[in-house]
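Following: one structure in structure tokens, then a few remarks.
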Amino acid sequence: MDKTETEMPSSISRIIDKYKDFIKTKDASVIFYGLLVFLLVITIIGFRSQNLTFNITLLIFASLYIAAIYLCISLGLSMTYKLLDFANFAHAEYFIIGAYTAIMWNMINDYRDPVFMDIFIVIVLGFIAAGLVAILGDILVFKPLRKLNSSSETLMISSIGWGIIIRNVVSVFFGAGVVYFRWVETKNIRIKSVRVGGADFSTSVVYGLNVEYLIAILVTIFMVIALFYVLAKTKMGKALRATSDNISLAESSGIKTDRMINITWFIGGGLAGVSGVLFGLSSPIFPTSGFIYLLPAFAVVVLGGIGSLKGSVVAAVIIAFSQNLSVSYLSWLEGPLDRSGLIAYQRVLPFVILIIVILIKPQGLYGGDLDE
Amino acid sequence: MSKLSINKILDPIRIDYKIASSISFAIMILFTFAIKNTLLAIILNAIALVYIYIQNDQNYTEKTVNNIKLLATVTNFLLAFIILKDTPYSLFMVEALLFIVFYTLLALSLNVGNGLTGIVNFGVVAQVTVGAVVTGLLSVRGMPIFFAFIWGILGAAIFSGLIAMTTLRLKDDYFAIVSITIGEIFRQFLNTEPSLRARPGSNKLTTPGILDIPQPLAGFYNSTLINIAFFDWMNYRLFLGFIGAFIVLIALLIVNVIYYSPYGRLLKSIREDELVTNVYGKEVFKYKVIIMMISGLIAGAGGAMLAWIFLVITPENFLPLTTFFAWTAFIIGGRGNNKGMIVGSIIFVLLQRASRLLDNADSLFMRGLNSFVKFANPEAPSVSISYLQLIVVGAVLILFLRFSPRGMLPEEAYRPEIRGKKLPRAGSQAKSVQTEELDNNAQTNNKGDNNL
């Protein structure tokens, strides 16, 4: 067995040693400030060439909307990740359960113009449907595997399988095509928007803000406050936090941990379902649209710190804003680089953030537990 | 657990493996020629095969049982192949062979990474992408296909090594997330980068993808040498399948050498307990990086195979679903068993593709399902069989993880040789003298207790 060590090419081990040193010396703050300086330089160059423009109002509302969607998915993902110690790749499928519940409600009512009340009914229905599917998944798939003391690897693979089952059951009933939540007409609120950059440095144009965007942002803020209140103030919230902190200790002090696990799945799945409803109100829905939001949600969870809800809120806002900011930069860079289609890379940005965070600071911004 | 209960039911009619397999062949041939219902014959054959699997005779060692299972599966597949060659299903079988080759390569790559070393690699599709794109691009630009293939697999290996050096220090689940993310980033690259679009003669394409990828040994095949000399039913797809099978053989050889060497035992110790291996002075990280490179080599060969199967590479070929399929074949086959990868991918591909044979809108099952769906959602389009396929694959994977996590061909326990003799495996009926003595001692002790 000792032979194998001497047979190793020395050049490879030297490269690895150099890499080790790099990992030891690097500092998260150095890279962060370096990036900031780089962005500043790029921005100044862009403004001077008079092609870089930011629509501040659009940026704020679009980012908050995307942050709301990311946040609602990642809250539940973060909670179950902390509690059961595995990455649930099926979590994004609870998102489409919510979205299709909204469409079902729309269909049952013969596509009449949804009144204000309808939206709240749909949100509640989406929450319940997705939460129940999440509990069903735990009963059918994860609980038996947990009882066998399976590794987190096994749980992850089975979660991918469970996600594929949900996605295709939805496809059986609705087809793989695009489905819309049918408003009679889209409603806009006209507000003045501020533009920075471009040929004339500061101009204002009228920007039509979708009512759906506003609803999504407000509902998410309400849900996050409610969740924080439940976790911090109620008895059930205390039990939930205790269970996620140390499951055997919680059980020995009289908390019914099985029930707490079910409640966590219900809340987590339900939140993802609500984000699906909110997304479906303004965008076309198809069965694979859940997966598109899975990896950004993981980016939010990891950046915020697994199990830290406060971290998730901050991380969702950071990732959504950087994603929307990158659109301006990428569309400007298409000129100097003489090529088109660069905007598509805005999809990649959360992935890049995810990888950088995992490499530099794997515990995330707030690596803590649920009570933060 | 389930296996045991079925075993008890079948116990009175227990027969030898050879008899069971010959009965299955006989049933199959009978149904094919007499009743002319090929599908029924295949299903009955599969049932007979399952019966062979359930037979778990204690007189055979684990290795012999595994070998019989492998032999039974492969011969049954080949037999089905030969029987179906003049029927409309022959095309189906050829395509199945191609995909069996593809998934065997991916599963072997996973077996080196996860089955042997314990790396949770969810980025198989990223390695496949590199292999496919490099092979495709170079051969489209005019490089001989053999060298393009070599560069493709080397590229995939180097890429996997780089990824491993950066991210393999992470916890298992973090590495899984990162590897699945890298696959998605690569797909996005393929979607947007103009330099990754090509076809022979022109480098400017408006749609993503590499088109008209030349296939290996096509000139040799077209020289009619093989057409005259061999079978009249040989077509190029089948020939490609044989090339793929050759690549699988080489990969299997490499993996087997690693598996049964002292190096392989070291890797197994990393799988079982990384910390202990580290404490014993082995550089775990270094070994993991090398193993990721070898797994990249094999998955890259799978990617080249994919490019040759489809002739066209588009981003849609590299969905994360491919990774999931590779994991399914790997787990059905039995993690840690190289022979199992062949069995696993045969079962997986037939499971996945056989449902296409049922794709008949007039059948009772489809009519019933369609009416049920129409009842729930009047606007629903008619059900496509591909959704049902995926549901079945997902369910089978979960059932395997739940009831048979060791897979069809479980990993054979390593038995060291002492003075030229192999030690008996744990739990076997052929007990050594020492253990029998121990048993006797235990019995006498028990008796003594009772007397007290």
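Proteins come first, then strands; the chains are lettered A, B, ... in the order of their sequence lines, and each starts at number 1. In what follows, every heavy atom counts, from backbone to side chain, and hydrogens, waters and symmetry copies are set aside. Note that this is a predicted model, so its numbers are computed, not measured.
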Contact check, side chains of A:I160 and B:F122, non-hydrogen atoms, under 4.5 Å: yes
Contact leader toward chain A among B:I177, B:V120, B:L397, where contacts are heavy-atom pairs under 4.5 Å: B:I177
Separation of A:L349 CG from B:Q188 CD (nearest 0.5 Å): 11.5 Å
Contact class of B:P405 relative to chain A, heavy atoms under 4.5 angstrom: neither
Among A:V352, A:I355, A:I164, residue most engaged with chain B (heavy-atom pairs, under 4.5 Å): A:I164
Residue selection (most heavy-atom pairs with chain A, distance under 4.5 Å) from B:V393, B:L369, B:V373: B:V373
Leading residue by heavy atom contact count with chain B [cutoff under 4.5 Å; candidates A:S151, A:G161, A:S159]: A:G161
Heavy-atom proximity to chain A below 4.5 Å, by part of B:L399: neither
Rounded distance [0.5 Å steps], OG1 in A:T154 versus CG in B:L401: 6.0 Å
B:F372-A:F173 aromatic ring centre distance below 6.0 Å: yes
Contacting region of A:A299 [heavy-atom separation from chain B under 4.5 Å]: neither
Candidates B:I391, B:V392, B:L388 - the one meeting side chain to side chain contact (heavy atoms under 4.5 Å, CB included) with A:N168: B:I391
Interface moiety of B:I398 toward chain A, non-hydrogen atoms closer than 4.5 Å: side chain
B:I180 side, atom CD1; A:F291 side, atom CZ - distance, nearest 0.5 Å: 4.5 Å
Donor-acceptor under 3.5 Å (A:Y345 side chain, B:T192 main chain): no
Part of A:I165 lying under 4.5 Å from any heavy atom of chain B: both
Nearest non-hydrogen partners of A:G175 and B:Y387, listed with the distance: C-OH, 4.0 Å
Contacting region of A:V348 [heavy-atom separation from chain B under 4.5 Å]: side chain
Region of B:F324 in contact with chain A, defined by heavy-atom distances below 4.5 Å: side chain
Side-chain heavy atoms of A:L148 within contact of B:R402, under 4.5 Å: yes
Heavy-atom contact with chain A under 4.5 Å, split by part of B:N191: neither
Contacting region of A:F298 [heavy-atom separation from chain B under 4.5 Å]: side chain
Note, A:E153 side chain near B:N114 side chain (heavy atom, < 4.5 Å): yes
Residue, of A:L294, A:I157, A:L354, A:V179, that accumulates the most heavy atom pairs under 4.5 Å with chain B: A:I157
